[in-house]
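Structure, as structure tokens:
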Number of protein chains: 2
Amino acid sequence: MPASQQHDHNHCISTAMDTARTLCEQRGLRMTPVRRRVLELVWQNHKPTGAYDLLAQLSEEGFNSAPPTVYRALDFLLELGVVHRISSLNAFVGCDHPGHEHDTGFFICKECGNATELPAKEIKKLHETLVKKFSFSIETSNHELTGLCQNCKATA
Amino acid sequence: MPASQQHDHNHCISTAMDTARTLCEQRGLRMTPVRRRVLELVWQNHKPTGAYDLLAQLSEEGFNSAPPTVYRALDFLLELGVVHRISSLNAFVGCDHPGHEHDTGFFICKECGNATELPAKEIKKLHETLVKKFSFSIETSNHELTGLCQNCKATA
DNA sequence: CGTAAAATTGCAACATTATAACCTAAGGAC
DNA sequence: GTCCTTAGGTTATAATGTTGCAATTTTACG
Ligand SMILES: [Zn+2]
Ligand SMILES: [Zn+2]
Ligand SMILES: [Zn+2]
Ligand SMILES: [Zn+2]
């Protein structure tokens, strides 16, 4: 059983949507239909999804199907902190714990494609160690690990 | 003075070329003119460089100027372990310590664009911590930090 | 209300990055 | 030399992402 089916998707999605709505209200931003639907789709897929895949899904539902539509929605959601971009995959994925500012860090299974967010604590610890050694000021960071998840390792 | 000028470029380049040649000999691979020149260019720029920038430079020198030329050379050099790809920039940069298998990790200055390779030791430590917490098997990892380098912080 | 400013969306074109497919040329083994 | 493998040339195309501007919707405010 893939990790993506070990839990209640609908719960994931509704929680994510609630949090996003709350964040918008707090910041005076608008959760418009396209933005809402893109976030839902990102969560429904529940694994990193390309912008053009999302665009195709939107298109099937009667939304506008030009690239700027989905990229603008994604930019908004990234800014809001409810999705992450995985640059080695050119793909987007929902954030597990939105509302707490943190960097992008994922473990991506080569077999099933699921992406698991890394604990912010470990990323912070790495930052601290690096800052001590070098005199950089770290503003953002992005960590992408690949390998086999527990399930796929067991099945292999 | 930018970090890229605090040292002797020519030394960087010749060392990198020597190592690459040695690695090729050890593995029975061919360091052809295009491959050699691409590696030299990557080192000459001494900061992350896009494939199409490299292609333009090659073209000026009479090399073939079609995309596959540079992508094939870059694939070879990546495989050989003498360059890294920085996926958040879609760019390539020379490896500081080739010949020792290691993951991609860079600090990239937002101001001057220089990319400094992170110590493999710290990356390994992060891996170990994560593996203890989760039961992933990590095969590759990629770490891209941004911020200001020491020089640019001072100048700002 | 009514209107003006701001934010969002629609739309068309374009830019950038990367790959596929197929063929030719060069290098090495025998 | 002949054969086989590797590398490079060439053309076309795929995949990803952006710019610019007009039209619309939402909000702010008198
Ligand atoms: Zn997150
Ligand atoms: Zn898996
Ligand atoms: Zn390296
Ligand atoms: Zn700098």
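Only heavy atoms go into these numbers, but all of them, side chains included; no hydrogens, no water, no symmetry mates. Here is how names work: the chains are called A, B, and so on, in the same order as the sequence lines, proteins then strands, and each is numbered from 1.
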Q: Classify the ring geometry between His127(B) and His143(B) as parallel (under 30°), tilted (30 to 60°) or perpendicular (over 60°).
A: tilted
**Q.** Nearest-neighbour nucleotide for the Pro68(A) side chain, dG8(D), dT16(D), dT19(D) considered
**A.** dT19(D)
(Q) Please report the distance, rounded to the nearest Å, between CZ in Arg27(B) and P in dT6(D). (A) 16 Å
(Q) I'd like to check, for Tyr52(B), whether its ring lies over the base of dT17(C) with centroids under 5.5 Å apart and a plane angle smaller than 30°. (A) yes
Q.
Using whole Å, what does the distance between atom C1' of nucleotide dT8(C) and atom CD of Glu79(A) come to?
A. 16 Å
Q.
Under 3.5 Å, is there a donor on one side chain and an acceptor on the other for Gln57(A) and Asn45(A)?
A. yes
Q: Answer with yes or no whether the side chains of Ser88(A) and Asn142(B) bring together a donor and an acceptor at under 3.5 Å.
A: no
Q.
Please determine whether any donor N or O and acceptor N or O are separated by less than 3.5 Å between the side chain of Arg30(B) and the base of dG28(C).
A. no
Q) Under 4.0 angstrom, heavy atoms only, what part of the nucleic acid is Arg72(B) near: base, sugar-phosphate, or nothing? A) base
Q | Whichever of Phe76(B) and Ala51(A) has its nearest DNA chain D nucleotide further upstream toward 5' | A | Phe76(B)
Q | ILVMFWY cluster membership beyond Leu148(A) - transitive side-chain contacts under 4.5 angstrom | A | none
Q) Is Asn64(B) near enough to dG9(D) that one of its side-chain N or O atoms lies under 4.0 angstrom from OP1 or OP2? A) yes
Q: Quick one: sort the Phe106(A) and His84(A) rings into parallel, tilted or perpendicular, breaks at 30° and 60°.
A: perpendicular
Q: Rounded to the nearest angstrom, tell me the gap between atom CG in Asp75(B) and atom C1' in dT17(C).
A: 13 Å
Q: Kindly point out which of dG8(D), dT16(D), dA12(C) is positioned nearest to the side chain of Arg35(B)?
A: dG8(D)
Q.
Just the rounded figure in Å: distance from P of dT17(C) to CD1 of Ile86(B).
A. 14 Å
Q. To the nearest angstrom, how far is Leu58(A) atom CG from dG10(C) atom P?
A. 10 Å
Q.
Side chain of Pro67(B), heavy atoms from C-beta onward: which of dA12(D), dA12(C), dT16(D) has the nearest atom to it?
A. dA12(D)
Q | Nucleotide dA21(C), atom P - distance to OH of Tyr71(B) in whole Å | A | 18 Å
Q.
Measure CE/Met31(B) against P/dG8(D) and give the value in whole Å, please.
A. 11 Å
Q) Tell me: CG of Asn90(B) to P of dT18(D), nearest whole Å? A) 10 Å
